[in-house]
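Remember, predicted model here, so these are calculated numbers, not experimental data. A note on names: the letters A, B, ... follow the listed sequences, proteins ahead of strands, and every chain is numbered from 1.
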Amino acid sequence: MKESIENLLDRALDQLIADGLIETKPALQITRTKDAAHGDFTCNVAMMLAKQAGKPPREVAQAIIDTLVDALGENDAIEKVEIAGPGFINFFLAQESTLNIINDILAGGDRFGESNAANGEKVQIEFVSANPTGPLHVGHGRGAAYGATLASLMRAVGFAVDCEYYVNDAGRQMNILGTSVWLRYLELNDVKFDFPINGYKGDYIYDIANSLKAEHGESFVFSAEEVFQGISADEPAGGDKEKHIDGLIERAKALLGPDNYQIIFKAALNSILNDIRQDLEEFGVHYDCWYSEQTLADRGLIQKAIEQLQKAGHIEKRGGALWFLSTKFGDEKDRVVIRDNGQATYFASDIAYHMDKFDRGYQRLINIWGADHHGYVARVKAAIGALGAKQEQLDILLVQFANLYRSGERVQMSTRSGSFVTLRELREEVGNDAARFFYVMRKCEQHMDFDLDLAKSQSNDNPVYYIQYAHARICSVINQLSEKELKHDIENGAKNLNLLTEKHETELISKLDAYADMLHKAAFNAEPHLLVHYLRELATLLHSYYNAHQFINEDNNLHDARFNLIIATRQVLKNGLTLLGVSAPEKM
RNA sequence: GCGCCCGUAGUUCAGCUGGAUAGAAUAUCGGUCUCCGACACCGAAGGUCACAGGUUCGAAUCCUGUCGGGCGCGCCA
């Protein structure tokens with residue numbers, strides 16, 4: 001519909017140019033009206049042209065409409081066109097043309113709303129990618145819900161989306177994890193010492209240590225003297241906690257030997273990674289690929305990436321280190337990729353990782369990061385620019401942290417003290433549906449307050465229940481049919497849609513008609529919250545309609561038409577909830 | 001100090017590629033169940049769009065500055 005209005009106006013503007021009234025055409029903006037009194041669609045082009053035409057906007061609008069008269073006569077879908085306000089051109093659609101959406105929805109079923117607007121363009125979305133050093137917490141949850149929902153939305157408009165989790169299974173943090181597990185294992189074997197201040201202290205570390213003990217007995221036991229002799233003091237003893245833990249890592253490797261160290265390291269990694277996978281799977285977040293950072297080094301890709309940058313002249317040696325000249329690509333300072341001790345930096349891995357994404361055939365990348373990583377945006381974009389890609393091929397979306405509130409009080413969290421709320425705890429407390437819904441309720445760059453009491457309340461305050469109830473309510477009405485031994489004839493309903501003339505009905509139909517446009521916008525702008533708001537509005541219209549009119553009606557034609565309408569509404573509610581990863585229950 | 005994000009009703013948030021009277025939920029107040037699920041509906045009230053300039057037919061929206069909040073500025077990951 002929007003397209004045909006656009007065509008009409010485009011032809012009208014051509015005519016105005018031919019008449020010499022204007023010289024150039026601005027980009028047409030045709031939008032749905034907010035107020036039904038303004039018709040169905042509106043265009044502001046007359047106001048945009050007022051200046052170059054040298055006439056008041058309303059006169060320009062009149063000139064446009066005058067050239068449209070013939071075309072409008074032939075167009076059955078548009079009932080009338082009006083000039084309103086400062087110079088808006090408002091289009092009022094004929095009832096019949098919007099009624100058809102009901103048939104479209106019933107025919108489309110679960111796939112209604114989908115399109116191929118993106119023509120199957122291949123996209124990779126990388127999200128969560130939390131270090132496998134502990135369970136996911138509620139901060140990761142927002143990225144998970146947002147990424148998974150964005151993937152669904154983009155698939156719905158025709159992108160070929162792959163979801164990926166980058167596993168940081170290399171580097172110092174992982175060694176600290178492995179060493180922490182080993183130390184806890186020693187404790188379980190009655191070795192006495194002070195646990196390092198910088199080690200991982202969560203209960204899950206004990207769990208891993210316990211299974212290690214069960215499987216390997218005392219094979220990894222050493223005395224406290226062997227472990228701590230010559231290690232620089234920890235912070236409470238007046239030393240440097242970083243040096244202390246690094247010393248312990250080296251000691252672990254030396255005492256255990258590479259094979260046994262790997263056994264412990266892998267046990268820790270696999271245990272936590274499996275936990276993360278299971279957690280996300282239960283949350284309805286699915287990945288196509290779990291990409292290991294370690295394999296980048298193993299396959300020589302870090303080397304390859306740096307060589308490629310070197311060949312292109314973007315690497316410089318300063319002191320003993322290799323620097324990537326990222327300032328040439330918009331970064332605020334150059335960055336080290338190989339330290340003077342020969343070790344590659346984390347950033348070097350990141351460069352290789354993104355190079356490999358392009359090598360795997362993705363032309364468009366989306367990274368979803370926590371907002372605390374915004375300082376890395378410029379350098380990663382610089383890197384892909386230096387590798388010969390366009391910076392626009394990578395979108396980095398930043399998700400703000402969510403603050404939890406319980407009983408009106410902010411839930412204090414800190415990783416250091418280990419007092420963070422895990423995603424699993426959140427899911428158990430409020431349920432997957434509410435968690436998925438609440439996380440995407442707000443724009444991602446907006447700080448959000450997550451009200452736990454509201455999320456788990458089964459009341460009218462809770463928007464999840466409000467929408468789900470609209471769906472269940474329609475199911476319930478349909479059940480009434482068989483209980484009352486009544487029927488619904490879809491064919492007859494389709495023939496009698498023109499009986500749906502109540503205000504509640506036209507508003508509902510108009511909202512259904514807006515679904516596909518909304519989906520398109522939500523997907524292309526990466527704004528799942530638009531779908532949340534849409535579903536709430538749709539549910540409101542349904543509830544109002546329900547309270548104002550009886551669907552089961554003595555007039556069979558009206559009865560059938562109304563059932564076509566509410567079944568279509570149920571379908572759209574279900575499709576939308578499904579995209580959000582929220583269930584559409586038939587009873588609650 | 002520099003950089004990024006944010007500031008809209010008592011509260012939580014939409015609206016931001018400039019458009020009509022700034023919307024919704026919640027809280028508050030008042031109504032609606034002999035009727036398909038009241039987990040709902042109807043109504044009232046609630047605003048210096050942080051502040052000050054600027055751009056123009058028109059600014060919550062764009063620009064500049066100020067104030068306030070969050071985050072980031074390692075040869076860490």
task = Describe the nucleic acid contact of A:Ser349 in one word from base, sugar-phosphate, nothing, applying a heavy-atom distance below 4.0 Å.
result = nothing
A:His447 ring over B:G70 six-membered base ring, under 5.5 Å and 30° = no
ask   = Has the side chain of A:His374 got a donor or acceptor that lies under 3.5 Å from a partner of the other kind on the base of B:C71?
value = yes
ask   = Does A:Asp350 make a side-chain donor-acceptor contact with the base of B:A77, cut-off 3.5 Å?
value = no
Between A:Tyr534 and A:Tyr515, ring centroids under 6.0 Å = yes
query = Which is true for A:Asn90 with a 4.0 Å heavy-atom rule: it touches a base, it touches only sugar-phosphate, or it touches nothing?
reply = base
ask   = Checking only heavy atoms, does the side chain of A:Thr345 share a donor-acceptor pair with the base of B:A77 at less than 3.5 Å?
value = no
inquiry  = Does B:C73 have OP1 or OP2 under 4.0 Å away from a side-chain N or O of A:Tyr376?
reply    = yes
message = Is the phosphate of B:A77 approached by A:Arg339 (side-chain N or O, under 4.0 Å from OP1 or OP2)?
response = yes
message = Students often get this wrong, so: under 4.0 angstrom with heavy atoms, is A:Asn168 touching a base, only sugar-phosphate, or nothing?
response = nothing
query = Once you round it to whole Å, what is the distance between P of B:U11 and CG of A:Asp451?
reply = 15 Å
inquiry  = For A:Thr506, is there any backbone N or O sitting under 3.5 Å from a side-chain donor or acceptor partner on A:Ser510?
reply    = no
A:Tyr439 OH - B:U12 C1' separation (whole Å) = 17 Å
inquiry  = So A:Glu242, base contact, sugar-phosphate only, or nothing? Heavy-atom distance under 4.0 Å.
reply    = nothing
task = Check if the side chain of A:Tyr469 and the base of B:A38 share a donor-acceptor pair of N or O atoms closer than 3.5 Å.
result = no
request  = Would you classify A:Lys587 as touching base, sugar-phosphate or nothing, given that sugar-phosphate means primed atoms plus P, OP1 and OP2, and contacts are heavy atoms under 4.0 Å?
outcome  = base
ask   = How would you label the contact of A:Ala371 with the nucleic acid (heavy atoms, under 4.0 Å): base, sugar-phosphate, or nothing?
value = sugar-phosphate
key: Basic-acidic side-chain contact under 4.0 Å: A:Arg318, A:Asp334   = yes
ask   = Backbone N or O of A:His244 within a donor-acceptor pair of the A:Asp234 side chain at under 3.5 Å?
value = no
Residue mapping more 5' on RNA chain B - nearest nucleotide basis, A:His529 or A:Trp323 = A:His529
Kindly give the atom pairs (protein nitrogen or oxygen, nucleotide nitrogen or oxygen) under 3.5 Å for nucleotides 57-63 of chain B.
from: B:C57; atom 1: OP1; to: A:Lys51; atom 2: NZ; distance (Å): 3.4

note = Encoded 5' to 3' (Watson-Crick or G-U under 3.5 Å; [ ] crossing; | other strand), RNA chain B becomes (((((((..((((.....[...)))).(((((.......))))).....(((((..]....))))))))))))....
ask   = Does anything in residues 538-556 of chain A reach RNA chain B, meaning a heavy atom under 4.0 Å, and if so which residues?
value = A:His543, A:Ser544, A:Tyr546, A:Asn547, A:His549, A:Gln550, A:Phe551, A:Ile552
